[in-house]
There are 2 protein chains.
Amino acid sequence: MNIGTAAERSGLPAKTIRYYEEIGLLKPDRSDNGYRDYSAADVHKLRFLQRSRSLGFSVEECRQLLSLYDDQERESADVKAIAQAKLAEIDRKLAELAGLRDMLRHLVANCHGDDRPDCPIIDGLSGEGDLRSAAACHGKG
Amino acid sequence: MNIGTAAERSGLPAKTIRYYEEIGLLKPDRSDNGYRDYSAADVHKLRFLQRSRSLGFSVEECRQLLSLYDDQERESADVKAIAQAKLAEIDRKLAELAGLRDMLRHLVANCHGDDRPDCPIIDGLSGEGDLRSAAACHGKG
DNA sequence: CTTGACCTTCCAGCGACTGGAAGCACTACA
DNA sequence: TGTAGTGCTTCCAGTCGCTGGAAGGTCAAG
């Protein structure tokens with residue numbers, strides 16, 4: 001399929017897809033007319049790239065993760081090591097995101113515009129202290 | 001406190017902290033000697049910036065989120081609208097991260113290096129199809 | 001056979017840092 | 001009091017990851 005279709009299906013702009021090719025993340029075939037020709041597997045990779053980039057993984061990290069797919073003949077231990085390191089990082093990110101979510105939920109639920117000027121809600125946003133103590137500033141007692 | 005201490009406590013490089021000041025995310029006081037002087041609240045903001053940037057939020061999004069803290073006199077409806085929009089995005093990110101984690105867990109648990117060349121593990125990584133069907137390629141069943 | 005959408009390459013610019021130079025401020029220690 | 005060392009300052013340049021735009025080739029429709 002052409003790059004436009006791949007872009008649509010992956011959620012990435014065509015510009016970005018060409019850039020990913022330029023830096024060696026992906027090598028689509030070329031049609032006789034010189035157009036890039038993406039396979040379903042390419043689109044899978046692109047979708048994966050879109051997801052993991054938007055979640056804060058660097059292009060180099062994405063390259064490593066993609067290598068789990070591409071380098072079928074590498075040592076199983078390597079694959080596991082990479083995947084496990086990423087797992088730990090994902091778990092950390094999950095915890096941080098959950099913290100952010102809880103704080104914002106609390107903010108939505110408890111703030112009515114009557115905030116005092118130094119409400120320590122940011123304590124929660126910054127991941128310090130616990131949610132309930134930050135909550136105290138808005139519960140109006 | 002000086003920028004070095006703030007850097008240490010926030011997890012951000014001093015360079016980045018100065019850059020955040022330059023683009024107006026933060027305005028620390030200045031000591032008589034011209035050194036930047038960070039308050040505990042500043043460090044909270046920096047920690048928050050460190051977290052949310054690493055989770056894939058843009059600087060502009062972070063600016064909005066910080067405004068929940070800074071613009072105490074803004075309409076409560078505004079605050080809620082911003083927070084709720086971010087909540088939806090965070091929930092989406094949480095779901096995607098959880099998907100990524102589950103796939104990698106499966107990879108760690110089930111791949112022994114005997115993969116066939118087009119194992120569709122990437123289907124799961126790309127967020128398409130469900131985990132169990134991707135799992136089938138490795139379960140050797 | 002032209003219009004318009006889509007593709008190509010190339011080059012420039014932007015967002016978000018990051019590194020390094022040149023120089024001032026502070027602490028410590030002879 | 002001098003001086004070494006560390007940390008701070010500004011400024012400028014470079015990098016990473018895109019992103020926009022120009023100039024031009026390709027293709028399906030009317």
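Between Glu21(B) and Arg30(B) a salt bridge is recorded (basic side-chain N to carboxylate O distance below 4.0 Å). A salt bridge does not link Glu96(A) with Lys93(A): every distance from a Lys NZ or Arg NE/NH1/NH2 to an Asp or Glu carboxylate oxygen is 4.0 Å or more.
Close to dC17(C), at under 4.0 Å from its OP1 or OP2, lies a side-chain N or O of Tyr20(B). The side chain of Asn33(A) contributes no N or O atom lying less than 4.0 Å from OP1 or OP2 of dC7(C). The side chain of Thr16(B) contributes no N or O atom lying less than 4.0 Å from OP1 or OP2 of dA16(C). Taking side-chain N and O atoms only, Arg36(A) has a distance below 4.0 Å to OP1 or OP2 of dT8(C). Within the 4.0 Å cut-off from OP1 or OP2 of dC18(D), at least one side-chain nitrogen or oxygen of Arg53(A) is found.
Heavy-atom nearest nucleotides on DNA chain C were determined for Glu60(B) and for Asp32(B), and the one closer to the 5' end corresponds to Glu60(B). Between Lys15(B) and Ser58(A), it is Lys15(B) whose nearest contact on DNA chain D lies nearer the 5' terminus.
When only modelled atom types and interatomic distance are considered, Asn2(A) and Thr5(A) share no side-chain donor-acceptor pair under 3.5 Å.
Residues Arg53(B) and Tyr20(B) form a side-chain contact, since some pair of their non-hydrogen atoms from C-beta on lies under 4.5 Å apart.
Nucleotide dA16(C) holds its P atom 16 Å from the CG atom of Leu26(B), rounded to whole Å. Nucleotide dC10(C) holds its P atom 12 Å from the CD atom of Glu21(A), rounded to whole Å. Rounded to a whole Å, the CD atom of Glu22(B) is 10 Å from the C1' atom of dC11(D). Distance Met1(B) CE to dC26(C) C1': 19 Å, rounded to the nearest Å. Between Arg30(B) atom CZ and dA25(C) atom P the separation is 14 Å, expressed in whole Å. Computed from coordinates, the Ile17(B) CD1 to dT10(D) C1' distance equals 17 Å when rounded to whole Å. Residue Asn2(A) contributes atom CG, which lies 10 Å from atom P of dC27(D) at whole-angstrom precision. Whole-Å rounding puts the Gln50(A) CD to dG17(D) C1' distance at 15 Å.
The base of dG15(C) has none of its N or O atoms less than 3.5 Å from a complementary donor or acceptor on the side chain of Tyr19(B).
Of all the heavy atoms in Leu94(A) and Ala98(B), the pair that sits closest is CD2-N, 4.1 Å.
Nearest nucleotide to the side chain of Ile3(A), out of dT8(C), dC11(D), dT9(D): dT8(C).
At a threshold of 4.0 angstrom between heavy atoms, the contacts of Ile23(A) with the nucleic acid are absent.
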